Amino acid sequence: MTKEQYLEKVALANLWMRAYYEKDEPLASDEEYDALIRELRAFERENENEIAKDSPTQKVAPTIQSEFKKLSHLKPMWSMEDVFNEAELRAWVKRIKNEKNFFIEPKFDGASLNLLYEEGRLISGTTRGDGQVGEDITLNVFEINSIPKNISYKERIEIRGEVVILKEDFEKINQKRARLNQSLFANPRNAASGSLRQLDTSITRDRNLKFYPWGIGENSLNFTTHSQAMGFIRELGFLKDDFIKVCKDVDEVLKAYEELLALREKKPMMMDGMVVRVDDLGLCDELGYTVKFPKFMVAFKFPALEKTTRLIGVNLQVGRSGVVTPVAILEAVNLDGVVIRSASLHNFDEIARLDVRINDFVSVIRSGDVIPKITKVFKDRRDGLELSIMRPKLCPTCQSELLDEGTLIKCQNIDCKDRLVNSMIHFVSKKCLNIDGLGENIVELLYQNKKITTLESVFHLKSSDFEGLEGFKEKKINNLLKAIENAKECELFRFITALGIEHIGEVAAKKLSMSFGLQWHKQDFQAYMNLEGFGEQMALSLCEFTRVNRIRIDEFYKLLNLKVEKTKIQDNSAIFGKSFVITGTLSQPREEFKALIESLGGKLSASVSKKTDYVLFGQEAGSKLSKARELGVVCIDENAFNELIKK
Ligand SMILES: NC(=O)c1ccc[n+]([C@@H]2O[C@H](COP(=O)([O-])OP(=O)(O)OC[C@H]3O[C@@H](n4cnc5c(N)ncnc54)[C@H](O)[C@@H]3O)[C@@H](O)[C@H]2O)c1
Ligand SMILES: [Zn+2]
């Protein structure tokens, strides 16, 4: 590398650092950034006199420009040296000339936070910043529940730790940001940092952040080991992870690493490695610091779960409802042992929002979910060879014209092969008719051989249909036919779920089955609307589906012998057949009143109309009660209700 190339790379690394620390919007994946830093270090080792003053290797982080007031730390904060394998860990051990008593704990992937307590009161909270000066985010810090505002220790002390976001919350926040057309957080770390470094404290409150202490700055404690000191700190009311211990030698550290790595999927927050540090504080002092990190500790990194790859194409999949879903085809990339070749793009609006094109470099992450996601498109790396992803006009399977509804694009041909096959796969799946032995591949095979053509045809399958099909021996055929026979006797709600009606999942199917039994498909809009938890979309979808399929469902019944569990209803009660609306806060959860009313043959509905018989109201009842009074509906409180049902 020439000096010029070196300086260019320093500038690029600084640009990436700024985007990462200042905007929480990385321009590269960690892997790429780390590779760049390794190149810089290699040059700097060979050319000690040429090291650029502003090289990222010479500072914890750049001085952050933001809208926050700046606050100096009493004691500096540091970055941490990485080791990636046993050899590098052992090399570090050799360098520090210490082979025993290592404190280890998870390295959560979040944002560092420095808390200052005086006289037992939380005074301020600051980000790490450039290590000397951080951003004053005290107001936001007060919104984090796991940070005690008062502690029993009265001396002045700086407590440092990691603010993390849970994986499930990360997914939820990104889903919400996608809906609001905002850029996604690339990873939970950026999300945690972004949630702390913003001016609206209510956002911080809503994000359910957690704080885990890992260190102490300014203090006048008198402990001889880090483990003792942190034990004391945690007792002041901070969160504690289970996986914290002192290992007596390097072998134990290596064992702990394997154990912690095995816990990675299970932990509710992201970990990017295990922190290993010298436990003896006297020795730590002796070892001291470089310009960038303590010499007495390292981050023993885990394999990356987020990487940069290239989008090389888009596949279109037609689901059972006809919705066409674009799936990104990626240049294969290994995320912690799993080779990723595709990622869902959800829909065409998502593609437009990300402005992702074929040949783009993208960042993919596997967080809590199994399905990898594209969180970033690196637009500044485009070279002009990118191709736009077009909204399709024709169904990729049956070539019929697609209906473009905006967010969703649908194939409307009900005989479209993919629609049929996917409907059948759903129909026989575990949550639906649960026909063991009819997996995806077999459904495809039977469809291709024209043995099943409609949902009904599954029930007409006979031994001879399997003749000549690969892999089907007598026993397998008999088992499958037996499973189909059994499925005929399944519960009604499974059958309703199996039909795959839009917006009607298992819970709604149960409700329909409980409320209307076998007549569930002969109700009107208002009857569906009156069901607890049913909204307009669901009711409309049911009306539309049953209008078209009413006779078909009756024909189905002739083939099947469905079990109906209807709520046992007391038909002689005083409220039999009466309709109720509940409003306000009652002495018991609403669910209990609902169950009681339903068991006595009463009906519940969500809104008040002239047809409502009773409004049961509790504390702080609002507009529903006033509307009921206006309409002259009988309004009763809990006491009156109890009297009524006694009759
Ligand atoms: N993608 C990019 O463009 C880009 C840019 C800059 C940095 N980065 C990434 O950031 C990382 C380097 O950042 P860094 O210098 O802030 O270091 P770091 O995040 O790797 O390590 C230091 C930090 O670890 C945290 N930490 C978590 N658990 C800890 C524990 N138990 N004890 C002590 N500290 C703990 C602390 O907040 C501390 O500040 C690298 O992974 C790098 O790839 C990426
Ligand atoms: Zn089609």
Side-chain angles (χ1 to χ4, degrees), residues 12-38 56-57 59-62 76-82 84 103-114 127-131 134 160-164 186-187 189-190 192-193 211-216 226 230 241 243-244 269-277 292-294 296-302 304 306-308 316-320 322-324 363 376 378 392 394-403 409-422:
L12 180 63
N14 273 322
L15 181 76
W16 285 358
M17 245 193 171
R18 246 174 219 296
Y20 186 84
Y21 291 113
E22 213 162 77
K23 306 203 185 74
D24 298 312
E25 290 223 20
L27 294 172
S29 64
D30 286 3
E31 205 199 13
E32 293 170 296
Y33 174 82
D34 293 342
L36 184 61
I37 297 296
R38 273 196 296 278
T57 62
K59 62 190 172 209
V60 171
M77 295 181 79
W78 303 93
S79 174
M80 213 189 310
E81 186 177 355
D82 289 332
F84 290 93
F103 175 91
I104 61 103
E105 68 181 338
K107 182 169 187 288
F108 291 140
D109 206 3
S112 334
L113 177 63
N114 183 28
T127 61
R128 188 181 70 181
D130 63 5
R160 276 96 191 249
E162 207 70 0
V163 171
V164 297
N187 51 49
R189 175 186 183 148
N190 295 136
S193 178
F211 176 80
Y212 286 86
W214 44 247
I216 309 167
H226 182 69
M230 290 314 294
D241 188 76
F243 203 92
I244 295 183
M269 63 291 265
M270 293 277 258
M271 291 188 288
D272 63 342
M274 184 176 89
V275 171
V276 186
R277 59 181 289 162
K292 193 165 169 114
F293 31 67
F296 50 82
M297 69 197 288
V298 286
F300 194 171
K301 294 298 273 272
F302 289 158
E306 187 201 351
K307 284 191 184 168
T308 301
L316 299 175
Q317 291 179 351
V318 185
R320 62 189 154 85
V323 172
V324 179
S363 177
K376 276 264 166 311
F378 297 118
L394 298 181
C395 171
T397 305
C398 70
Q399 310 303 324
S400 62
E401 200 172 313
L402 295 171
L403 173 71
I409 298 184
K410 287 180 178 167
C411 169
Q412 289 182 288
N413 170 13
I414 51 168
D415 294 321
C416 176
K417 182 213 148 204
D418 276 358
R419 289 192 64 173
L420 274 170
V421 170
N422 288 324

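Note: hydrogens, waters and symmetry copies are ignored here, and every other heavy atom, side chains too, is used. Each residue takes its place number in the sequence, starting with 1. Model, not experiment: these values are computed from the prediction. Whatever order the structure lists ligands and atoms in, that order sets their numbers, starting from 1.
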Undergrad: Would you mind listing which atoms of ligand 1 come within a distance below 4.0 Å of any non-hydrogen atom of Ser29?
TA: 1 (N)
Undergrad: Tell me whether Met297 reaches ligand 1 (any heavy atom closer than 4.0 angstrom to a ligand atom).
TA: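 Judged by the 4.0 Å heavy-atom criterion, Met297 does count as contacting ligand 1.
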Undergrad: Given atoms SG of Cys398 and SG of Cys395, what angle do they subtend at the Zn ion (ligand 2), to the nearest 10 degrees?
TA: 100°
Undergrad: Looking only at protein heavy atoms, identify the closest one to atom 7 (C) of ligand 1 and say how far it is in Å.
TA: Tyr33 CE2, 3.4 Å
Undergrad: Determine, using heavy atoms of Pro106 and all atoms of ligand 1, whether some pair is separated by less than 4.0 Å.
TA: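 Contact check Pro106 vs ligand 1: positive.
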Undergrad: I'd like to check which ligand 1 atoms, numbered from 1 as shown, lie under 4.0 Å from a non-hydrogen atom of Ala28.
TA: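 That gives atoms 1 (N), 2 (C), 3 (O) of ligand 1.
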Undergrad: Can you give me the SG-the Zn ion (ligand 2)-SG angle for Cys416 and Cys411, to 10°?
TA: 110°
Undergrad: Verify the neighbour count for atom CD of Glu401: are there more than 12 heavy atoms of other residues, nucleotides or ligands below 6.0 Å?
TA: no
Undergrad: Side chain or backbone, does Arg189 bring an N or O within less than 3.5 Å of an N or O on ligand 1?
TA: yes
Undergrad: Do Asp130 and Lys59 come within less than 4.5 Å of each other through their side chains, counting heavy atoms only?
TA: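 No, their side chains stay 4.5 Å or more apart.
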Undergrad: Examine the proximity of ligand 1 to Ala299 and report which part, side chain or backbone, both or neither, has a heavy atom under 4.0 Å away.
TA: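 For Ala299, there is no contact with ligand 1 at all, from either part.
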Undergrad: For atom 34 (N) of ligand 1, what's the nearest protein heavy-atom neighbour? Residue, atom name and distance, please.
TA: Met80 CE, 3.2 Å
Undergrad: With the threshold set at under 4.0 angstrom, would you say Lys301 reaches ligand 1 through any of its heavy atoms?
TA: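 Distance cut 4.0 Å: Lys301 passes for ligand 1.
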Undergrad: Should Tyr21 be listed as contacting ligand 1, given a heavy-atom distance under 4.0 Å as the test?
TA: yes
Undergrad: Have a look at ligand 1 and work out which part of Glu105, if any, has a heavy atom under 4.0 Å from it: side chain, backbone, both or neither.
TA: side chain
Undergrad: Just need the protein heavy atom nearest to atom 35 (C) of ligand 1, so name the residue and atom and give the distance.
TA: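 Residue, atom and distance for the closest contact: Trp214 NE1, 3.4 Å.
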Undergrad: Looking only at protein heavy atoms, which one is nearest to atom 4 (C) of ligand 1, and how far off is it?
TA: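 I find the closest protein heavy atom is Tyr20 CD1, 3.3 Å.
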Undergrad: Can you tell me how far NZ of Lys376 sits from CD of Glu25, rounded to the nearest 0.5 angstrom?
TA: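 Between Glu25 CD and Lys376 NZ, I get 4.5 Å after rounding to 0.5 Å.
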Undergrad: Looking only at distance, does Asp82 have an N or O less than 3.5 Å from an N or O of ligand 1?
TA: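 The answer is no, given that Asp82 and ligand 1 share no N or O pair closer than 3.5 Å.
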Undergrad: Is Met77 close enough to touch ligand 1? Criterion: a residue heavy atom under 4.0 Å from a ligand atom.
TA: no
Undergrad: Counting only N and O atoms by type, is there a donor-acceptor contact under 3.5 Å from the side chain of Arg160 to the main-chain atoms of Met77?
TA: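 Such a contact is absent between Arg160 side chain and Met77 backbone.
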Undergrad: What do we get for Arg128 next to ligand 1 when only non-hydrogen atoms under 4.0 Å count, side chain, backbone, both or neither?
TA: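 Side chain only.
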Undergrad: Are the side chain of Glu31 and the backbone of Lys307 linked by a donor-acceptor contact shorter than 3.5 Å?
TA: no
Undergrad: What's the separation between atom CE in Met274 and atom NZ in Lys107, rounded to the nearest 0.5 Å?
TA: 13.0 Å
Undergrad: Judging by distance only, is a nitrogen or oxygen of Asp272 under 3.5 angstrom from one on ligand 1?
TA: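 It does not: no N or O of Asp272 is found under 3.5 Å from an N or O of ligand 1.
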Undergrad: Could you walk me through whether Val318 and Cys395 pass the side chain to side chain contact (heavy atoms under 4.5 Å, CB included) check?
TA: CA-CA 8 Å; Val318 185; Cys395 171; 3.9 Å; yes
Undergrad: When you compare the side chain of Met297 with that of Met80, does any pair of heavy atoms fall below 4.5 Å?
TA: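 Met80 vs Met297: side chains touch.
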Undergrad: Are any of the N/O atoms in Asp30 less than 3.5 Å from those in ligand 1?
TA: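 Asp30 vs ligand 1: N/O contact under 3.5 Å present.
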Undergrad: Determine whether any heavy atom of Phe293 lies closer than 4.0 Å to an atom of ligand 1.
TA: no
Undergrad: Kindly identify the option in Val276, Leu12, Val164, Asp34 whose heavy atom sits closest to atom 42 (C) of ligand 1.
TA: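 Going through Val276, Leu12, Val164, Asp34 one by one, Asp34 has the nearest heavy atom to atom 42 (C) of ligand 1.
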Undergrad: At less than 4.0 angstrom from any non-hydrogen atom of Trp78, what atoms of ligand 1 do you find?
TA: 39 (O)
Undergrad: Can you find a side-chain donor-acceptor pair between Ser363 and Glu306 that sits under 3.5 Å?
TA: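 Yes, side-chain donor-acceptor contact under 3.5 Å.
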Undergrad: Short list, please: which atoms of ligand 1 are under 4.0 Å from a heavy atom of Ser79?
TA: 14 (P), 15 (O), 17 (O)
Undergrad: Do the side chains of Phe300 and Ile104 get nearer than 4.5 Å, heavy atoms only?
TA: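 The answer is no; the side chains never approach within 4.5 Å.
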Undergrad: Roughly how far, to the nearest 0.5 Å, is the CE atom of Met230 from the CD1 atom of Ile244?
TA: 7.5 Å
Undergrad: Select one of side chain, backbone, both or neither to describe which atoms of Ala61 lie under 4.0 Å from any atom of ligand 1, heavy atoms only.
TA: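 No part of Ala61 is near ligand 1 at this cut-off.
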Undergrad: Would you mind reporting whether Val60 and Phe293 have side-chain heavy atoms less than 4.5 Å apart?
TA: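 No, too far: nothing below the 4.5 Å cut-off.
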Undergrad: Are Ser400 and Gln412 side-chain neighbours, meaning at least one heavy-atom pair lies under 4.5 Å?
TA: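 No, their side chains stay 4.5 Å or more apart.
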Undergrad: So which atom in Asn190 and which in Asp24 form the shortest heavy-atom distance, rounded to 0.1 Å?
TA: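 So the minimum-distance heavy-atom pair works out to CB-O, 3.7 Å.
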Undergrad: Classify the angle between the aromatic ring planes of Tyr33 and Trp16 as parallel (below 30°), tilted (30 to 60°) or perpendicular (above 60°).
TA: tilted
Undergrad: Nearest protein heavy-atom contact for atom 25 (C) of ligand 1: which residue, which atom, what distance?
TA: Glu162 OE1, 3.2 Å
Undergrad: Considering heavy atoms of the protein only, find what lies nearest to atom 24 (O) of ligand 1 and give residue, atom and distance to 0.1 Å.
TA: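 For atom 24 (O) of ligand 1, the nearest protein heavy atom comes out as Lys107 CE, 3.3 Å.
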Undergrad: Name the one of Asp415, Asn413, Val421 that satisfies side-chain contact (heavy atoms from CB on, under 4.5 Å) with Lys417?
TA: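 Result for side-chain contact (heavy atoms from CB on, under 4.5 Å) with Lys417: Val421.
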